[in-house]
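For the numbers below, each heavy atom of this structure counts, side chains included, while hydrogens, waters and symmetry mates do not.
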Amino acid sequence: MRKRNNVKIDLTLVLLSLVVSKCLIAAPVSRKSEPQFNEFPAQTVKITTTKKPIFSSNLARRYKTIISNSMADEPNFAGHYRVVVWGCGTDCRGFAIVDLLSGKTYTLPNLESVVGVMGNDEDRLSYRADSNLFVINGVKNEVDEGKFFYSWKNHRLNFLIKIPIKKEDFSN
């Protein structure tokens, strides 16, 4: 009888330690500063042949002409990808990410556009050919305001952190 109780206690401790370790692994990392491009390095690739685009979403199909025309351009994001940007208003941007090696297009689910914020002159979209970091600065779909940081991994933008937008004070 005594042995069974020890086994129960041991199993309880093992399960409890698994739950605690899972929580620690899943807990978001708090940052004291904005993610930097050099923290997310990507190997740049020279593209030698042009692929035909494969449109993977309705948004990409809607902008197929500008995406198709960009296929011959050099990579500008995450090594061998091209961020294709289009305007959709005075200070509005839409975008797709194109894999220049395969031709496949990627869009951020549920994101149609990013508009600017009065008093903020930072770029709406920031990215580099030698980095997997992608930054959206503005109001997503005219609803969600902030500076949104994503990392490109496994053919998708993975959300990292959202911080408030820096704005000029016009109250004086």
Can you establish whether the number of heavy atoms outside Arg156 located under 6.0 Å from its atom CZ is more than 12? no

Can you name the nearest heavy-atom pair linking Asn132 to Ala78, along with the distance? OD1-CB, 3.2 Å

So, Asp91 and Arg124, do they make that salt bridge, N to O below 4.0 Å? yes

Would you mind reporting whether Arg93 and Asp123 have side-chain heavy atoms less than 4.5 Å apart? no

Any disulfide bond (SG atoms under 2.5 Å apart) involving residues 52-167? Give me the pairs, sequence neighbours left out, ordered by first then second residue. Cys88-Cys92

Between Ser102 and Ile54, what is the shortest heavy-atom contact and its length? O-CD1, 3.6 Å

Are the side chains of Pro75 and Arg82 in touch, meaning some heavy atoms are under 4.5 Å apart? no

Enumerate the residue pairs fulfilling side-chain hydrogen bond (donor to acceptor under 3.5 Å, both in side chains) with a member in residues 65-74, sequence neighbours excluded, ordered by first and then second residue. none

Residue list, salt bridge (charged side-chain N to carboxylate O under 4.0 Å, His left out) with Glu142, at least two apart or on another chain: none

Flag the pair Met71 / Lys52 as yes when at least one side-chain heavy-atom distance between them is below 4.5 Å, and no otherwise. no

Does any donor atom in the side chain of Asn137 or Asn120 lie under 3.5 Å from an acceptor atom in the other side chain? yes

Tell me, do Glu145 and Ile165 make a side-chain contact under 4.5 Å, heavy atoms counted? yes

Which one of Asn76, Val98, Thr105 satisfies the side-chain contact (heavy atoms from CB on, under 4.5 Å) criterion with Val84? Val98

Mark yes when over 12 heavy atoms from residues, nucleotides or ligands other than Lys64 sit less than 6.0 Å from its NZ; otherwise mark no. no

So, are Lys51 and Asp99 salt-bridged, with charged N and O less than 4.0 Å apart? no

side-chain hydrogen bond (donor to acceptor under 3.5 Å, both in side chains) contacts in which one or both residues fall within residues 109-118, not counting sequence neighbours: Arg62-Glu112

Closest non-hydrogen contact found for Ala60 with Ile67 is O-CD1, 3.5 Å

Below 4.5 Å, heavy atoms only, C-beta onward: do Ser57 and Phe55 meet side chain to side chain? no

Test question: given the 4.5 Å side-chain rule for I, L, V, M, F, W and Y, name all other residues clustered with Val143, or answer none. none

How many angstroms lie between atom CG of Asp130 and atom CZ of Arg128, to the nearest 0.5 angstrom? 4.5 Å

Hydrophobic cluster (4.5 angstrom, side-chain heavy atoms) - remaining members for Phe159: Phe77, Tyr81, Val83, Val85, Phe95, Ile97, Tyr106, Leu108, Leu111, Val114, Leu125, Tyr127, Phe134, Ile136, Phe148, Tyr150, Trp152, Leu157

Rounded to the nearest 0.5 Å, what separation is found between the CG atom of Leu160 and the CD atom of Glu34? 12.0 Å

Within a radius of less than 6.0 Å around NZ of Lys140, do more than 12 heavy atoms belonging to other residues, nucleotides or ligands occur? yes

Please determine if Glu122 and Lys166 form a salt bridge, counting it only when a charged side-chain N lies under 4.0 Å from a carboxylate O. no

For the backbone of Phe40 and the side chain of Ser131, can you confirm whether one donor and one acceptor N or O come within less than 3.5 Å of each other? yes

